[in-house]
Protein chains: 4
Amino acid sequence: MSAQPRTARGVETRSRILRAAEDVFAELGYTEASVSRITDRAGVGQGTFYLYFDSKLDLFNELVEDLNRRVRHAMAEGAASAPDRISAEREGFAAFFRFTAEHPALYRVVREAELVSPEALRLHYTRIVEGYIEGLDQAHGAGEIGDIDTTVAAWALMGIGEMIGMRWVLWGSNGTGEGGGDADPTASGTSAVPEHVLDEMMRFIGGALGRPAAEPTKEEES
Amino acid sequence: MSAQPRTARGVETRSRILRAAEDVFAELGYTEASVSRITDRAGVGQGTFYLYFDSKLDLFNELVEDLNRRVRHAMAEGAASAPDRISAEREGFAAFFRFTAEHPALYRVVREAELVSPEALRLHYTRIVEGYIEGLDQAHGAGEIGDIDTTVAAWALMGIGEMIGMRWVLWGSNGTGEGGGDADPTASGTSAVPEHVLDEMMRFIGGALGRPAAEPTKEEES
Amino acid sequence: MSAQPRTARGVETRSRILRAAEDVFAELGYTEASVSRITDRAGVGQGTFYLYFDSKLDLFNELVEDLNRRVRHAMAEGAASAPDRISAEREGFAAFFRFTAEHPALYRVVREAELVSPEALRLHYTRIVEGYIEGLDQAHGAGEIGDIDTTVAAWALMGIGEMIGMRWVLWGSNGTGEGGGDADPTASGTSAVPEHVLDEMMRFIGGALGRPAAEPTKEEES
Amino acid sequence: MSAQPRTARGVETRSRILRAAEDVFAELGYTEASVSRITDRAGVGQGTFYLYFDSKLDLFNELVEDLNRRVRHAMAEGAASAPDRISAEREGFAAFFRFTAEHPALYRVVREAELVSPEALRLHYTRIVEGYIEGLDQAHGAGEIGDIDTTVAAWALMGIGEMIGMRWVLWGSNGTGEGGGDADPTASGTSAVPEHVLDEMMRFIGGALGRPAAEPTKEEES
DNA sequence: AATGAATGAGAGTTCATTCAT
DNA sequence: GATGAATGAACTCTCATTCAT
């Protein structure tokens with residue numbers, strides 16, 4: 001029933017709907033976000049929606065896929081220029097937090113996906129984790145990190161990022177969820193979480209991943 | 001409008017509704033779970049619901065509170081007899097995973113809370129994290145762990161538990177969400193995640209928390 | 001989802017909806033008859049409809065069944081006091097035409113059933129035909145009619161009744177479908193079709209069913 | 001708004017739409033058959049439809065007219081070579097049943113016409129009946145049939161044909177509507193209803209129409 | 001001639017909640 | 001204490017039709 005647009009006008013209309021949907025889903029979540037609210041925001045008729053999407057769920061899945069692609073792109077870009085794995089991890093997280101701050105939809109939409117489209121949720125997390133695993137395997141091969149199970153570690157990293165992101169990005173620095181007048185959290189080059197939180201988080205992760213040769217918390221200490 | 005029951009019969013009716021609600025919310029999520037489905041499952045009339053709860057949301061909040069109380073109780077009990085912090089952490093997580101396996105509602109309900117009742121969600125996580133912080137602070141005071149920011153670490157632990165729980169408890173060992181014929185995951189004394197995952201996860205956490213002197217749980221000791 | 005009413009008030013409401021539905025279906029047909037129009041006419045809220053019927057189709061099927069029961073009852077009653085099969089046939093048809101005149105829904109609803117609920121349609125015709133067959137078999141056994149295939153004859157009678165009814169009852173005496181100011185067609189004891197049409201129709205049928213003793217078409221002929 | 005095509009290409013397009021419409025109406029009925037489904041099946045754009053038809057109803061009326069023309073042509077052709085009225089009747093019915101078997105649209109579309117376009121329905125039946133009347137009048141003049149009211153008889157014949165056709169052609173030999181693996185019902189020269197049903201039906205009609213002297217079609221003749 | 005884009009009205013259906021009994 | 005009846009707003013989705021290209 002739905003179809004790809006075949007004219008430039010159609011392409012424009014379809015993307016207007018997608019952009020409106022991202023906003024509305026982020027604000028209201030899947031259930032509360034009605035098709036009519038989306039089309040209102042997009043400035044198109046209600047019937048137009050069904051020209052390009054089979055259903056509200058169809059649009060939702062597409063949106064999750066899209067966000068996933070974009071957040072992974074942002075993370076990869078952030079990590080690209082890092083000299084070693086630990087820096088790469090740090091820059092990847094910083095990029096993730098910035099993306100979250102700019103696109104709160106990521107959180108809202110993905111978390112609700114659990115109920116709406118479990119498969120979409122699984123794909124989202126799995127794809128990100130696969131990126132972590134790859135990076136960790138390389139780092140391990142290069143002797144940058146300890147002898148760990150990279151799969152378990154990758155899921156742990158995923159969880160850390162999600163929870164720290166919820167606590168300090170979504171809820172704001174004071175943890176009340178009421179925003180907090182932070183300095184612009186989206187400024188590129190900085191992180192959307194307070195610097196010291198990122199520092200501590202990376203210290204936590206650094207310890208977790210282990211150091212290959214001389215482990216400073218151990219023998220060298222004292 | 002709602003009221004506490006005044007008779008034994010009322011107490012029974014109210015708790016029948018609560019138990020039914022846990023099942024129905026876990027199965028369908030907040031939005032899809034209709035009041036009539038809950039009262040049907042509870043075996044009471046639709047009007048009876050409003051004798052004990054102001055609204056569907058009221059019931060939801062109460063349910064989240066209740067689950068939070070129970071999961072913290074289970075974790076505390078699991079950790080109670082541990083000789084040191086790292087063991088306590090391990091037993092706490094194991095208890096958390098068992099609780100999750102037995103009450104999938106914890107995941108479903110809590111994750112949806114983000115959209116339905118953000119305050120309930122914040123309270124839920126914050127309370128668990130406070131328990132972590134307390135434990136970490138004590139451990140730090142006792143010289144069991146390194147010199148870390150216990151708040152950041154606590155949120156990281158929260159995230160690790162949530163994500164590992166989703167991946168290995170909810171989705172099953174194969175990560176497909178289709179169950180996998182695992183041995184009874186609720187058997188007390190064991191964990192609901194594969195033993196080696198729990199091992200690796202604790203190694204990860206052990207490294208993260210840092211060890212001031214030597215690591216007492218492994219072979220290098222003595 | 002739908003349920004039988006459990007109180008007197010519910011019984012009354014449900015039957016109000018049924019009566020309204022018969023009117024509205026007769027006027028507009030299945031497709032044009034919206035649930036909201038039915039509930040408006042019944043003077044109940046739209047949601048009330050779904051307390052007693054699963055769907056519009058559910059109601060439709062129930063209505064066809066009900067009409068079928070009533071028309072067969074009317075026909076049987078009409079034919080009951082007839083001295084022989086041919087008179088019984090005549091009185092049965094007369095009753096059928098009166099019923100049609102009083103309940104145009106019979107026609108409208110049943111003819112649309114072909115598309116909406118084919119099974120309902122089949123049941124409707126089959127049940128009426130079964131009554132014909134039974135009567136014809138008895139008449140044959142009693143030597144009142146000729147040696148015919150009663151099944152084929154019964155379906156033929158069904159068709160004759162339906163078509164004559166459409167032409168002279170529904171469309172009126174002038175066949176324009178615009179009514180015709182006929183004398184009250186529902187007066188009991190009379191037929192809803194002009195007397196001479198009924199006469200001719202019965203002469204047609206009488207010839208068709210054959211005469212038992214001196215049957216001119218076969219052996220006894222010259 | 002609609003117009004007759006002015007080019008060969010237009011003629012082809014218009015007839016593509018008509019053929020598609022016959023299929024779709026036959027399958028789904030008037031209401032369920034959407035214009036877009038018809039244009040999809042025809043392989044033309046949605047807007048093209050309105051180049052040749054004013055509205056969906058306009059197309060429907062045209063289709064009924066067309067089917068009516070074709071079925072009457074088929075019946076007249078079937079009856080053309082018959083030596084007497086009764087044979088003509090038989091061959092006409094046989095042709096009617098074959099047409100019905102080949103074009104189920106006749107039934108579906110015409111029966112729904114009652115609600116969609118009553119005038120179209122009336123015209124359809126009336127035209128066929130006029131053919132019957134003409135034939136019966138001639139036969140009566142020729143002394144082939146008894147002294148009957150040919151108008152009433154014609155409507156009765158119409159009803160018989162319709163009902164026998166529904167029962168044995170549309171529903172199949174077993175009357176379940178599920179088809180029944182009959183031998184090809186469209187083979188010309190045979191009837192689409194079982195031979196014995198046609199025989200019995202004609203015996204019924206033969207008796208109904210009355211024979212002035214002796215029955216010329218059977219073995220006692222000559 | 002042909003068509004894809006666009007639309008708003010309206011469809012059937014669900015549901016949290018109120019109320020009389 | 002308990003409950004069935006009732007409701008109207010809101011939902012997702014369909015469709016005949018118009019129009020610019």
Side-chain angles (χ1 to χ4, degrees), chain A residues 1 3-14 31-37 39 44-57, chain B residues 1 3 5-10 12-14 31-39 44-57 59, chain C residues 1 3 5-14 31-39 44-57, chain D residues 1 3 5-10 12-14 31-39 44-57 59:
Chain A
M1 308 227 164
Q4 291 302 312
R6 242 163 285 192
T7 69
R9 185 184 172 202
V11 170
E12 160 67 9
T13 302
R14 187 180 198 275
T31 325
E32 291 298 306
S34 63
V35 171
S36 75
R37 233 185 282 241
T39 52
V44 302
Q46 214 171 138
T48 307
F49 178 92
Y50 292 93
L51 239 41
Y52 301 111
F53 302 96
D54 280 335
S55 65
K56 188 182 159 187
L57 182 58
Chain B
M1 304 217 168
R6 243 164 292 205
T7 68
R9 186 184 171 200
E12 162 67 9
T13 300
R14 187 178 200 278
T31 326
E32 291 297 306
S34 63
V35 171
S36 76
R37 231 188 278 242
I38 292 170
T39 53
V44 303
Q46 222 176 133
T48 308
F49 179 92
Y50 292 89
L51 244 40
Y52 300 111
F53 302 96
D54 282 338
S55 66
K56 188 181 161 189
L57 182 58
L59 165 66
Chain C
M1 310 232 165
R6 241 162 286 194
T7 69
R9 186 185 173 202
V11 171
E12 161 67 9
T13 300
R14 186 180 199 276
T31 325
E32 291 297 307
S34 64
V35 171
S36 76
R37 234 187 279 242
I38 291 170
T39 52
V44 302
Q46 215 173 138
T48 308
F49 178 91
Y50 292 92
L51 240 39
Y52 301 112
F53 302 96
D54 280 337
S55 64
K56 189 181 159 187
L57 182 58
Chain D
M1 306 219 168
R6 244 165 290 203
T7 69
R9 185 182 170 202
E12 162 66 8
T13 300
R14 186 179 200 277
T31 326
E32 291 297 307
S34 62
V35 171
S36 76
R37 231 187 280 241
I38 292 170
T39 52
V44 303
Q46 222 175 133
T48 309
F49 180 92
Y50 292 89
L51 244 39
Y52 300 111
F53 301 96
D54 281 338
S55 65
K56 187 181 161 189
L57 183 58
L59 165 67

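Protein chains get the first letters and strands the later ones, always in sequence-line order, with residue 1 at the start of each.
- Between C:Thr48 and C:Thr39, the closest side-chain pair of non-hydrogen atoms is not below 4.5 Å.
- Mapping C:Arg14 and A:Glu32 onto DNA chain F by nearest heavy atom places C:Arg14 at the nucleotide closer to the 5' end.
- In this entry the distance linking CD1 of D:Ile38 with P of F:dC15 reads 11 Å, nearest Å.
- Each of E:dA6, E:dT17, F:dT17 was ranked by its minimum atom distance to the side chain of B:Tyr50; first place goes to E:dT17.
- For A:Arg9, the side-chain atoms get nearest to E:dA5 when compared with the rest of E:dA11, E:dA5, F:dC11.
- Under the Watson-Crick and G-U wobble criteria, each requiring two contacts below 3.5 Å, nucleotide E:dA20 is paired to F:dT3.
- Between D:Thr31 and A:Ser55, it is A:Ser55 whose nearest contact on DNA chain F lies nearer the 5' terminus.
- When Watson-Crick and G-U wobble pairs are counted only if both distances are under 3.5 Å, E:dA1 pairs with no nucleotide at all.
- Here the NZ-OG1 distance, from A:Lys56 to A:Thr31, works out to 6.0 Å after rounding to the nearest 0.5 Å.
- Counting to the nearest Å, the C1' atom of E:dT13 and the CG atom of C:Leu57 are 14 Å from each other.
- Not one side-chain nitrogen or oxygen of A:Thr13 sits closer than 4.0 Å to the OP1 or OP2 atom of E:dA5.
- Note that CD1 of B:Ile38 and CG of B:Leu59 are 5.5 Å apart. Values are rounded to the nearest 0.5 Å.
- Residue D:Tyr52 places at least one side-chain N or O closer than 4.0 Å to OP1 or OP2 of E:dA2.
- Other residues, nucleotides and ligands place more than 12 heavy atoms under 6.0 Å from the CD atom of C:Glu12.
- For D:Phe49 and F:dA16, the CZ to P distance is 9 Å, given to the nearest whole Å.
- Within 4.0 Å of D:Pro5, counting heavy atoms only, lies no atom of the nucleic acid at all.
- Between the CZ atom of C:Phe53 and the P atom of E:dT14 there is a distance of 15 Å, rounded to whole Å.
- Counting non-hydrogen atoms under 4.0 angstrom, D:Gly47 reaches a base of the nucleic acid.
- Which of E:dC15, F:dC11, F:dA16 sits closest to the side chain of B:Ser34 comes down to E:dC15.
- Scanning all heavy atoms of the two residues, the minimum distance from A:Gln4 to A:Arg14 falls at NE2-NH2, 3.9 Å.
- Mapping B:Lys56 and A:Gly45 onto DNA chain E by nearest heavy atom places A:Gly45 closer to the 5' end of the strand.
- Taking all atoms of both residues into account, the shortest heavy-atom contact from A:Tyr52 to A:Pro5 is CE2-CB, 3.6 Å.
- For D:Leu51, the side-chain atoms get nearest to E:dA2 when compared with the rest of F:dA2, F:dA5, E:dA2.
- B:Thr39 comes within 4.0 angstrom of no nucleic acid atom, judged by non-hydrogen atoms across all strands.
- Using a 4.0 Å heavy-atom cutoff across all strands shown, D:Ala8 reaches no nucleic acid atom at all.
- The residue among A:Arg6 and B:Gln46 whose nearest nucleotide of DNA chain E is located toward the 5' end is A:Arg6.
- The residue A:Thr48 sits close to a base: some heavy atom pair falls under 4.0 Å.
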